[in-house]
Amino acid sequence: MAASRGAVVLKTVKKIIVQFCPFESNVRSTREFLIVVGSEKARATNMNCEVITEVKHDRSEPTIDITFLDGERLLMKGSKLTTQELLSALQTRCSAKDPQAKAGDKK
């Protein structure tokens, strides 16, 4: 599916809130993102990371609100992005915040 380039590492993430209305047609990428970050493999990278799902019935736009350990937030609107774009944005930000990931990239 989406995480073909590598596993999702949630080491620098404190909380992920995924909100969507399941009756809208533009929620597929948001739901697939939720499946990836909620998987056992991803959760094992940070057992303290909260993954919260808010299912609404108000025709609202699907959003993903990520809070990092340093307090920074990333808000993504899933209606216009693919699953790969959502995951790539998360991984780029996580890699930038993780000193070990930076060292691993220089090999």
Residues forming a side-chain contact (heavy atoms from CB on, under 4.5 Å) with [X], sequence neighbours excluded:
X: V9; answer: K11, T45, Q91
X: I17; answer: K15, Q19, I52, E54, D65
X: T92; answer: S88
X: S29; answer: T83, L86

Measuring from [X]:[atom1] to [Y]:[atom2], what's the distance to the nearest 0.5 Å?
X: K77; Y: T63; atom1: NZ; atom2: OG1; result: 8.0 Å
X: K56; Y: C21; atom1: NZ; atom2: SG; result: 10.0 Å
X: L87; Y: F33; atom1: CG; atom2: CZ; result: 5.5 Å
X: N26; Y: F20; atom1: CG; atom2: CZ; result: 11.5 Å
X: S95; Y: R93; atom1: OG; atom2: CZ; result: 11.5 Å

What do the steps show when you test T67 against I16 for side-chain contact (heavy atoms from CB on, under 4.5 Å), and what is the final call?
-> CA-CA 6 Å; T67 305; I16 300 173; over 6 Å; no

With side chains defined as the heavy atoms from C-beta onward, is the minimum distance between [X] and [Y] less than 4.5 Å?
X: C94; Y: K97; answer: no
X: I64; Y: L34; answer: no
X: N46; Y: T12; answer: no

Cluster link V51 to V13, ILVMFWY, side chain under 4.5 Å | yes

Apply salt bridge (charged side-chain N to carboxylate O under 4.0 Å, His left out) to [X] and list each qualifying residue two or more places apart in sequence or on a separate chain.
X: D58; result: none
X: R31; result: none
X: R43; result: none
X: E50; result: none

Do I66 and M76 pass the side-chain contact (heavy atoms from CB on, under 4.5 Å) test, and can you show the C-alpha distance, the side-chain angles, and the key distance before you say yes or no?
-> CA-CA 8 Å; I66 301 167; M76 298 186 284; 3.6 Å; yes

Can you tell me which residue pairs pass the ring-ring contact (aromatic ring centres under 6.0 Å, His included) test with a partner in residues 42-80, sequence neighbours excluded?
->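 Listed once each, the pairs are F23-H57.
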
Of all pairs that satisfy ring-ring contact (aromatic ring centres under 6.0 Å, His included), the ones with a partner from residues 35-55, not counting sequence neighbours = none

With a 4.0 Å cut-off, would you call E85 and K80 a salt bridge?
-> no

Residues A42 and V36: closest non-hydrogen pair is CB-O, 3.4 Å

Which residues pass the side-chain hydrogen bond (donor to acceptor under 3.5 Å, both in side chains) test with S79, sequence neighbours left out?
->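 Applying side-chain hydrogen bond (donor to acceptor under 3.5 Å, both in side chains) to S79 gives E61.
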
